[in-house]
Amino acid sequence: MYMAFKEHIGGGVAQDRLRYLTVIHDVVGTVFDDSEAMVMLSVEQMVSRLESALSGFSSVGVVELELISLDLMRSFQSQEATQRHKLLLVEHLVETGDWSQTVEGKLARLGPGGTMVLVHAHIVVDLGADASGDLADREAGLRDRLKNYWSGSRQVELKNLSKQWGGKKKSLDENLSDLAYYFTKGGNDHLRFKVGFGREHVEEIESLMFRKYGKQLISDDDDGSVMDVRALNANEIGFLDRITRLLMNRNNSNSGQGYIIKTRLL
């Protein structure tokens, strides 16, 4: 992924003209015989729309598939803001997805309280050289194009690359290296459901829970085998494995890089 960034964008690009784009496209149920095919149809629809929206820009990114549990997210909805925001967006996708014009029809496709796939993409976009126009104008134009396809609150995020981290200046090379790692982590990198946006570090989650609930988490007869309510079960892991393999092999890719998506400035 890092080499794809370097090859496609190049090492001499000014960091100010690059943007980090996240698009959250749709949710797909996992409980049906054709769920895997439906996931891939949703992926192709998103990629087609991205190619249209990003026409005239150079970009490199990935499609990511994350298993989510609406029931679990609702149980956490009073917690951190990022968790509430993700829940609201998922509920919006349930109500407005392409499968049906009715909420009832959409829920029928998702299944009763079942696990869903969050179809989304992370992309680095090059707005172009200053000589071709004002960066702010080109960014505004890109935002308008994206909103033609994804109009929900927080469905599209377009932001600058980090300029510093931990009080130190962050170079373009460091940004691309970190993004390459993040882009290829997988949607459920610890084989757990995530309730918020972004990466969740297991140790931090458990520490926060213990600080908030303390000994309430541990009963006198706890034998250490308490179930992790966020853990994917065997069927969910199997489904995630299959759709990840389909994604890696899309477009008859023999390299396993079918999840990578690109556009070039013509």
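- Under 3.5 Å, the side chains of S59 and T263 contain a donor-acceptor pair of N or O atoms.
- Of the possible donor and acceptor atoms, one in the side chain of R138 sits under 3.5 Å from a partner among the backbone N and O of L127.
- Ion pair E91/K86 not flagged as a salt bridge, since none of the NZ, NE, NH1 or NH2 atoms sits closer than 4.0 Å to an Asp/Glu carboxylate oxygen.
- A salt bridge is defined here as a Lys NZ or Arg NE, NH1 or NH2 lying under 4.0 Å from an Asp or Glu carboxylate O, and K6 with D173 meets this definition.
- We find the CG-CD distance between L41 and E36 to be 12.0 Å, quoted to the nearest 0.5 Å.
- Side-chain atoms of N188 come within 3.5 Å of backbone N or O of L67 as a donor-acceptor pair.
- Atom CG of D33 has 12 or fewer heavy atoms from other residues, nucleotides or ligands within 6.0 Å.
- Taking both residues in full, the closest heavy atoms of G128 and L135 are given as O-CD2, 3.7 Å, listed atom of the first, atom of the second, then distance.
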* For the pair V63 and I261, evaluate side-chain contact (heavy atoms from CB on, under 4.5 Å) and give the outcome as yes or no after the intermediate values. => CA-CA 7 Å; V63 176; I261 51 178; 4.1 Å; yes
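- Annotation: side chain of L158 is not in contact with side chain of Y20 (no heavy-atom distance under 4.5 Å).
- The backbone N or O of L240 sits less than 3.5 Å from a side-chain atom of T244, completing a donor-acceptor pair.
- The distance from the CZ atom of R84 to the CG atom of L87 is 10.0 Å, given to the nearest 0.5 Å.
- Here the closest heavy-atom approach between residue F5 and residue V124 is recorded as CE2-CG2, 3.7 Å.
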* **Stepwise side-chain contact (heavy atoms from CB on, under 4.5 Å) test for R250 and M40** => CA-CA 9 Å; R250 65 178 288 270; M40 295 311 298; 4.1 Å; yes
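- Placement of L142 and Y149 within a single hydrophobic cluster is found when ILVMFWY residues are connected by side-chain heavy-atom separations under 4.5 Å, directly or transitively.
- Side-chain contact check for H120 and E66: no donor-acceptor pair (N or O, by modelled atom type) lies under 3.5 Å.
- Side chain of E174 to backbone of S171: a donor-acceptor contact under 3.5 angstrom is found.
- Other residues, nucleotides and ligands contribute only 12 or fewer heavy atoms inside 6.0 Å of the CG atom of N254.
- Between V39 and L246, the closest side-chain pair of non-hydrogen atoms is not below 4.5 Å.
- Separation of atoms CZ (R154) and CG (L88) is listed at 8.0 Å; rounding is to 0.5 Å.
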* To do: Decide side-chain contact (heavy atoms from CB on, under 4.5 Å) for L50 and H25; before the verdict, give the C-alpha distance in whole Å, the side-chain angles of both, and the deciding distance to 0.1 Å.
  => CA-CA 10 Å; L50 281 167; H25 178 62; over 6 Å; no
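- Note: Y182 and H122 meet the aromatic proximity criterion, with ring centroids under 6.0 Å apart.
- Within the 4.5 Å cutoff, no side-chain heavy atoms of K170 are placed close to those of K163.
- Shortest non-hydrogen contact noted between G256 and N249 is CA-OD1, 4.4 Å.
- Remark: side-chain polar atoms of Q155 are paired, donor with acceptor, to backbone N or O of I24 under 3.5 angstrom.
- Remark: the backbone N or O of L72 is paired with a side-chain donor or acceptor of S75 at under 3.5 angstrom.
- Checked against L161 for a side-chain contact (heavy atoms from CB on, under 4.5 Å), the options D16, L172, D178 give a single hit: L172.
- Within the 3.5 Å criterion, the main-chain N or O of E236 finds a donor-acceptor partner in the side chain of N233.
- Considering only heavy atoms from C-beta on, W150 comes within 4.5 Å of M46 through its side chain.
- Side chain of R145 to main chain of A140: no donor-acceptor pair is present (N/O by atom type, distance under 3.5 Å, no hydrogens or angles).
- Looking at every heavy atom in both residues, A53 comes nearest to L146 through CB-CD2, 3.8 Å.
- The minimum heavy-atom distance between R19 and R17, with the atom names listed, is NH1-C, 3.8 Å.
- Looking at heavy atoms from C-beta onward, I260 lies out of side-chain contact with F183 at the 4.5 angstrom threshold.
- The shortest side-chain heavy-atom distance between L191 and I237 falls under the 4.5 Å cut-off.
- S35 places a side-chain N or O within 3.5 Å of a backbone atom of G29 that can act as its donor or acceptor partner.
- For the atom pair L176 CG and L18 CG, the distance stands at 7.0 Å (nearest 0.5 Å).
- Taking each heavy atom of T184 and Y259 in turn, the nearest pair found is CG2-OH, 3.7 Å.
- Rounding to the nearest 0.5 angstrom, the gap separating the CE atom in M248 from the OG atom in S255 is 8.5 Å.
- Taking CG of L21 as the reference point, atom NZ of K159 lies at 11.0 Å (rounded to 0.5 Å).
- Residues M1 and V62 have side chains in contact (heavy-atom distance under 4.5 Å, counting atoms from C-beta outward).
- Between E51 and R49 there is no salt bridge, since no side-chain N of the basic residue sits under 4.0 Å from a carboxylate O of the acidic one.
- Considering only heavy atoms from C-beta on, V117 comes within 4.5 Å of T30 through its side chain.
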* How far apart are the C-alpha atoms of D26 and L118, what are their side-chain angles, what is the distance that settles it, and do they pass the side-chain contact (heavy atoms from CB on, under 4.5 Å) test? -> CA-CA 6 Å; D26 201 6; L118 189 67; over 6 Å; no
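- In R245, the CZ atom is not crowded: 12 or fewer heavy atoms of neighbouring residues, nucleotides or ligands sit closer than 6.0 Å.
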